[in-house]
Amino acid sequence: MEHVVIIGNGVSGITAARHIRKLSNKKITVISAETEYFFSRTALMYVYMGHMKFEHTQPYENDFWKKNRIDLLKAYVQQIDTSNKQLRLDNGNFLAYDQLIIATGSQSNKFGWPGQDLKAVQGLYSYQDLESMEKYSATTQRAVIVGGGLIGVEMAEMFLSRGIAVTFLVREDRFWGGVLPKQEGELVARHIRQHGVDLRFNTELQEILSDKNGRVKAIVTKEGEEIGCQFVGLTAGVSPNIQFLKGGEIQINRGVLVNEFLATNIENIYAIGDCAEFCEHPTGRKNIEQVWYTGRMMGETVAQTVCGNKTAYQPGVWFNSAKFFDIEYQTYGWVHNELKENETDFYWEHEDGKKCLHLVYDKTTKQLLGMNTFGIRMRHEVCEKWIKEGRKMDEVMTYLKDANFDPEFYKQYEDEIVKQYNQENGTSVSVKKRDWKRIFSS
Amino acid sequence: MKDQDSLSIAQPHPKGIDFIQKLGLVISAIGILILLVAWGGYTFQQNGLFLSLSLGTIFLGTVIYAARTYLTQPAGIHNNGIWQKSFTNRGMWGWLVGIVLTGFYVLLYWYPQYLGLAQNGEQNKGLVALFDPLSQFFKGQPASQWFMYGTIYTLLICSLGIKFMLKYRDNRYQAIRTLVVIVSQLFLAYLIPEILEGFSDSNHYFAKDIKNVWPLNYYFFQDWHLNNMLEHGGNLGMFYFVVGLFLFLVFTPIITYYVGKRWYCSWVCGCGGLAETAGDPYRHLSSKKISVWKLERWMIHGVMVLVFLMTFASLYGYFTNSVTFLGLEIYAYFQRPYGFLIGAAFSGVVGVGFYPLLGNRVWCRFGCPMAGYMGIIQRFKSRFRITTNGGQCISCGNCSTYCEMGIDVRAYAQKGQNIVRASCVGCGVCSAVCPRGVLKLENGPEEVRVKDNPILIGKEEIKMDVG
């Protein structure tokens, strides 16, 4: 029986394993050094905040794996011996494979800051990171978080839930400036501050200072200000976790280099998820995609190929979501931090400053290219259809109610939004009532 | 990861409580203390004064505490520390609350004399006596343990319902739903029945909570109840009889078809009302295991069979003027066992007493025949579903954790499937706690209730193999 070995039990590796099992009878082994069972990495924050126990982050009951004949192995892979098709494990054993999928995910970025390896200086990615945060929290009165992105804001929320003060250093002049347009960045910043976070823009980390026990006692900014703290969160992004491949046969750059079929340069070896880097992205996106959803899609795609149905990775319309404290964010298509040459936009914000809708469209054709919403839920299928089919803005506005996914009885803002759109564009679009037939026709 | 216990001094408690919160707790503690003193057997000389004081302070204190707790924070989800507090994570305090509640129910059903109910023509004492003035006011007779219980029950739904509304103050579904829960309990289940009781023949009691429909009200078709309605109840009795039949046969199936069973279970039902308000801090304790789901289906449908059997025997007896059915005495072999095992032990003692241990919907999930009846309609012939929003699920598990009915919502959401389940009571909390806007309770066309979702994989050529 052919043996498929998957390194990594995150969403990419586990999705691959599950789909290989659906499609075939192959022997499947999933190796992880992190945890025995698959858990949802995105939910670690809720364990810390006491919303859930760790077991609740595990989407499958423990007997699921045996029932589905997916062998789990807790070990660390030290080396891949591509010529003999076997893995060397940290327990001294070797494991032979016929096909290998590398799904080792990410690690937190460290940019060579002095003191970055001190105690209580860490990112938040793994189960071990969570344990370590837990360990240091009891003796932390102030935490400094470095890097304004999604993990940083999660960490801030976590600390505040335990009554720990947070100073948040952001290098750019706005929040998540590499991704969010100015308006959204400001909206998020306002909300973070409303929760009592000391949020500082245009502020960079210079150095982390140690106390006599090798634990952080303060940080120094580029401007020379010293901020006393007992914990430093490094949340300036993540990068592929592939040290164990360095110097080996498998071609790597920042990540494991793969083609559109997620195949590496070595036959029968694939890489998926956060650790994979496309030589050339099949749809022209960034070559490394570090998102839950794309990891899942790559897992499903590679399962097809591994089972003999060679399939290229072709993700549909881009989407993503997040939550900044109490404000939910959804995005469909592309809304870049700055408008591109051919783009223009429409921005509506509710007077409470916590809800907005940002649509980006083509200047000349008026076709919708992407949308951001904060504080308003949107219907994925509808948004995807509009963007894929290049619906024109007037039409999008007419049927805006079809896309609303807020819970029943919520106040709806489409009339207000379209009124503003008409004023700004000299149009006379009138909003149509939601229609099930339109929503479900595809 | 070890659970933190709030009693441990090693772990600083997240943000202590401030003066106003403490004030609220102290005020409501006064009211609870009065109840406990009365429960202990002490009979107040001025019951009216102490009853007003007790009910008033419990209500006021709870509202002050809740308002201070939630209005000082930005609107959002407030589940911090739920699994870290002994009160809500089956810790010492949770067990203590469970034991006290269970004990209260045992006395209520089987030993009401220990709550002070009058024996052999004497006067009420202790806790029941405390409620005499209110009962006299409504219906000119001393309180029964049921009047005492109904009053406290209503008080809890009102005060903790307001707490729930403040907790979810930015969520209009929760606000409106909880308002309806409070109004249903206060008027339909408490005030109107108690006032009508005052005008009725008190020797011939029949159920006047109009929404307490058979088979949840299991004695509706028992001979004594039919007699009290039809022979002694006059126009009012006839009205309740006709409405009772109509609600079960016509209204329930039609409304459940359009909006699911939630119109009842999480909007107007008394058991559901208590679960959604007083039971809210325990909603995450329901088991999500597949094995428990199997058990649930056996149990709830088992109880349905029992209630049908018992009712059939009762009606047989009523129409044939017989006290036996198939040679068995109807009261001894059908009505009494059902009342004892299901009506009292299951729905009361276990159903509420075990809130802090098994979650707030034990009865609704494993026992309630009304929920079972509507569940079958909801599962097979209804427009209600929880829609999963494309591929946005991140499998975090908040939805499953906070589902009081023990539905593993995530198992569906992460596959892009809609949730169509007999047990869902439509409380809407999964949708509220979802951090990615994935879940929406909807009433829509039946054809697309269950759908495959190609967006999940982002690739239309591969058909999603749902399983």
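On a predicted model such as this, the values are computed, not experimentally measured, just so you know. Per chain, numbering begins at 1; letters A, B, ... match sequence-line order.
Side-chain atoms of B:Gln84 and A:Tyr48 include no donor-acceptor pair closer than 3.5 Å.
Residue contact with chain A, scored on non-hydrogen atoms closer than 4.5 Å, is absent for B:Thr88. For B:Val438, the part lying under 4.5 angstrom from a heavy atom of chain A is the backbone only. With a threshold of 4.5 angstrom between heavy atoms, A:Lys437 does not approach chain B through any atom at all. Heavy-atom distances place both the backbone and the side chain of B:Ile290 under 4.5 Å from chain A. B:Arg436 touches chain A through backbone and side chain together, each having a heavy atom under 4.5 Å away. Proximity to chain B (any heavy atom under 4.5 Å) is shown, for A:Phe325, by neither the backbone nor the side chain. Residue contact with chain B, scored on non-hydrogen atoms closer than 4.5 Å, involves the side chain of A:Glu61 exclusively. Only the side chain of A:Tyr332 comes within contact range of chain B, judged by heavy atoms closer than 4.5 Å. Only the backbone of B:Ala432 comes within less than 4.5 Å of a heavy atom in chain A; its side chain stays farther off.
Taken to the nearest 0.5 Å, the NZ atom of B:Lys440 stands 7.0 Å off from the CZ atom of A:Phe405. Between atom CG of residue A:Leu160 and atom CD of residue B:Gln73 there is a gap of 11.0 Å, rounded to the nearest 0.5 Å.
For A:Glu55 and B:Lys288, the salt-bridge test fails: no basic side-chain N is under 4.0 Å from an acidic carboxylate O.
Interface remark: of the candidates B:Asn171, B:Asn443, B:Ile176, B:Asn171 forms the most heavy-atom pairs closer than 4.5 Å to chain A. When each of B:Glu447, B:His284, B:Lys289 is scored by its heavy-atom pairs under 4.5 Å with chain A, the top score falls to B:Lys289. Taking B:Gly76, B:Pro74, B:Ser431 one by one and counting their heavy-atom pairs under 4.5 Å with chain A, the maximum is reached by B:Pro74. Here A:Asn320 is the residue among A:Val11, A:Asn320, A:Ile164 with the most heavy-atom pairs under 4.5 Å with chain B. Considering only heavy-atom pairs separated by less than 4.5 Å from chain B, the leading option among A:Ser321, A:Ala43, A:Pro407, A:Ala322 is A:Ser321. Chain B forms more heavy-atom pairs under 4.5 Å with one residue of A:Lys323, A:Arg41, A:Gln58, A:Arg379 than with any other, namely A:Arg379. Across A:His51, A:Met45, A:Met49, the residue that shares the most heavy-atom pairs under 4.5 angstrom with chain B is A:His51. With respect to chain B, the highest number of heavy-atom pairs below 4.5 Å among A:His56, A:Gln194, A:His195 belongs to A:His56.
Residues of residues 394-407 of chain B that come within less than 4.5 angstrom of chain A, heavy atom to heavy atom, are B:Ile394, B:Ser395, B:Cys396, B:Gly397, B:Asn398, B:Thr401, B:Tyr402 in numerical order.
Judged by distance alone, the side chain of A:Tyr293 and the main-chain N or O of B:Gly391 form no donor-acceptor pair under 3.5 Å. Under a 3.5 Å cut-off, the side chain of B:Asn79 and the backbone N or O of A:Gly50 do not form any donor-acceptor pair.
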Problem set entry | B:Arg410 and A:Tyr60: CA distance, side-chain angles, deciding distance, side-chain contact (heavy atoms from CB on, under 4.5 Å) verdict | CA-CA 10 Å; B:Arg410 165 175 58 191; A:Tyr60 303 95; over 6 Å; no
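With contacts defined as side-chain heavy-atom distances shorter than 4.5 Å, the pair B:Ile82/A:Met52 does not qualify.
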